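Since the model is a prediction, treat every value here as computed from it, not as a measurement. In what follows, chains are A, B, ... by sequence order, proteins preceding strands, each numbered from 1. Because only heavy atoms are used, hydrogens play no part in the values below, and waters and symmetry mates are left out as well, while side chains stay in.
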Amino acid sequence: MTLSESNLDAANKNDIYGIPMWSQEKIDRFRETLLSWYDLEKRDLPWRKNNDPYRIWVSEIMLQQTRVDTVIPYYLNFMNTFPTIEALAQAHEDILLKAWEGLGYYSRVRNLQFAAQQIMNDYNGEMPTDPKEISKLKGIGPYTTGAISSMAFGLPEPAVDGNVMRVLSRLFEIDADIAKPGNRKIFEAIMRELIDPYKPGDFNQAFMDLGSSICTPKNYHPELSPVKEFNQSYQNGTWEKYPVKSKKKKAKPVYYIGAIIKNSSGAFLLEKRPENGLLANMWTFPMIEEEIVIQETGIAHGTLTQIDDEEQTEQVVKKVMAELEKNYKIKPTLMEAPFAEVQHIFSHLKWFIAVYYGQLRAEEFIDIPENCYWVMPSDFDQYVFPGPQTKMWQSYLTKFDH
DNA sequence: GAGACGTGGGT
DNA sequence: TACCCAAGTCT
């Protein structure tokens, strides 16, 4: 222990991880100020109609890394389709995934159903009320445990999300990097001191409403905050330093050939993705990962559509044909042009897809793999498509459907 | 603890 | 264009 650390310890026994905690009187005034603001300004959201733990649970899972405006229509449809925990537990996976299509982070909905089955089997169909039990449910981590405990059951549990860390780091001038998972415990400890024991659910939600309306990541105006008198970084003029947040890694580029192949009946070849990993169990046109050669010639990956060298074009087409024959047992007539390039950015990957279009004759589309189907466009809505697939289909419609 | 895991919106 | 962001969790 350094001298300065021992001085800090000696200076204030109420420190939390070196951060001086307010007096009880100040904490009381803060609670009252924040909750009064929340009573006036709280948003009218569909999952705030009552304290039903199922409704709160579903909303919290949907809201993970996802905006309120995006969630609302999905939420209304989801509660309509699966009105009870039992209905959710019994749903067929494709129906379930369809209800989540376009929301992203699809393991959320698989975990949601798994947890519903846990509740049916282990908790007699009712969400447990003990935070320790709640956190045993699949897909429910420390944040969601706190959210359900406080909002549905009135327990004084912290629900520390990005909003709470941002607001707290400005209130207390906290230098801990909020992008580091290990630092969450600092903010939880502070929230345990601050949280209102009588209205813990409102208190937690007030932090989130404050974080999404006034205490925003950008265009932050601390002078507009209802709790500005408690805001140490505002009082000290240091608010632009907070929160401290390290940068994310850049998405890694990956290159594909996408093959939109139509047979003589007008159906298109779709392939179901593996049951684990990225976009699990969703449907796409055949995709061939590119590791090509073209890089060596100096032409960058991702600019496949701009190849004007005939030799290189021929090389790519040859490879596409070979892969389609090997993996899908088809020998389509590929169209020379037009073809498109589709880009899609995930959190950790950036896909570049050069899309080729091809046609088959009647006798050639029998022997495709088990995880593939020929599907008419009028039936596409029965298949769960991820973003890149939708973009590939749009590229086709733009070029051929008029 | 770092990386995997989606998507759409804003600057 | 290329970032950053939005109510995280799992491995």
Legend entry - B/S/- contact track for nucleotides 1-11 of chain B, protein heavy atom under 4.0 Å: S-SSBBBB---
Legend entry - With A/Asn50 via side chain to side chain donor-acceptor pair (under 3.5 Å) - residues at least two apart: none
Inset, instruction - Rounded to whole angstrom, note down the P distance from B/dG8 over to C/dT9. - result: 23 Å
Legend entry - Touch class at under 4.0 angstrom, heavy-atom based, for A/Arg273 against every strand present: nothing
Inset, instruction - Using the P atoms only, state how far C/dA6 lies from B/dC5, rounded to an integer number of Å. - result: 23 Å
Inset, instruction - May I ask you to say whether A/Lys98 pairs ionically with A/Glu101, meaning some side-chain N is under 4.0 Å from a carboxylate O? - result: yes
Legend entry - Phosphate contact (C/dC3 OP1 or OP2) by A/Lys250 side-chain N/O below 4.0 Å: yes
Inset, instruction - Could you grab the distance from atom CD1 of A/Ile261 to atom CZ of A/Phe285, nearest 0.5 Å is fine? - result: 9.5 Å
Inset, instruction - Might you confirm whether atom CD of A/Glu223 has over 12 heavy atoms from other residues, nucleotides or ligands at distances under 6.0 Å? - result: yes
Legend entry - Distance test, side-chain N/O of A/Lys245 to OP1/OP2 of C/dC5, below 4.0 Å: yes
Inset, instruction - Strictly below 4.0 Å, heavy-atom distances to any atom of DNA chain C: list the hits from residues 37-46 of chain A, or just say none. - result: A/Arg43, A/Leu45
Inset, instruction - Rounded to the nearest 0.5 Å, what's the gap from OG on A/Ser212 to CZ on A/Arg43? Could you check? - result: 3.5 Å
Inset, instruction - Nearest-nucleotide wise, let me know which of A/Asn111 and A/Glu60 is further upstream toward the 5' end of DNA chain C. - result: A/Glu60
Inset, instruction - Answer with yes or no whether the side chains of A/Gln64 and A/Thr144 bring together a donor and an acceptor at under 3.5 Å. - result: yes
Inset, instruction - Go through the steps to decide whether A/Gln205 and A/Met151 satisfy the test side-chain contact (heavy atoms from CB on, under 4.5 Å), and finish with yes or no. - result: CA-CA 8 Å; A/Gln205 290 181 87; A/Met151 296 176 204; 3.5 Å; yes
Legend entry - Minimum-distance pair of heavy atoms, taken over all atoms of A/Leu137 and A/Gln118: CA-OE1, 3.4 Å
Inset, instruction - Using distance alone, with no hydrogens and no angle criterion, decide if A/Glu173 and A/Thr238 have a side-chain donor and acceptor under 3.5 Å apart. - result: yes
Inset, instruction - Within residues 71-98 of chain A, find the residues that approach DNA chain B with a heavy atom at under 4.0 Å, and present them sorted by residue number. - result: none
Legend entry - Donor-acceptor pair between A/Glu229 and A/Tyr234 side chains, under 3.5 angstrom: no
Inset, instruction - Over 60° means perpendicular and under 30° means parallel, so classify the ring planes of A/Trp393 and A/Tyr396, tilted if in between. - result: parallel
Legend entry - A/Phe385 ring center within less than 6.0 Å of A/Trp283 ring center: no
Inset, instruction - Classify the side-chain pair A/Tyr74/A/Thr66 by whether it contains a donor and acceptor separated by less than 3.5 Å. - result: no
Inset, instruction - For C/dC4 and B/dG3, measure between their P atoms and round to the nearest Å. - result: 15 Å
Inset, instruction - Name the nucleic acid region contacted by A/Trp100, choosing base, sugar-phosphate or nothing; use a 4.0 angstrom heavy-atom cut-off, strictly under. - result: nothing
Legend entry - Any A/Lys248 side-chain N or O less than 4.0 Å from OP1/OP2 of C/dC3: no
Residues 119-130 of chain A, side-chain donor-acceptor partners within the protein, below 3.5 Å, at least two apart:
from	atom 1	to	atom 2	distance (Å)
A/Asn121	ND2	A/Gln117	O	3.1
A/Tyr123	OH	A/Glu133	OE1	2.7
A/Asp130	OD1	A/Lys132	N	2.9

Legend entry - Any residue of residues 135-160 of chain A with a heavy atom less than 4.0 Å from an atom of DNA chain C: A/Lys138, A/Gly139, A/Ile140, A/Gly141, A/Pro142, A/Tyr143, A/Thr144
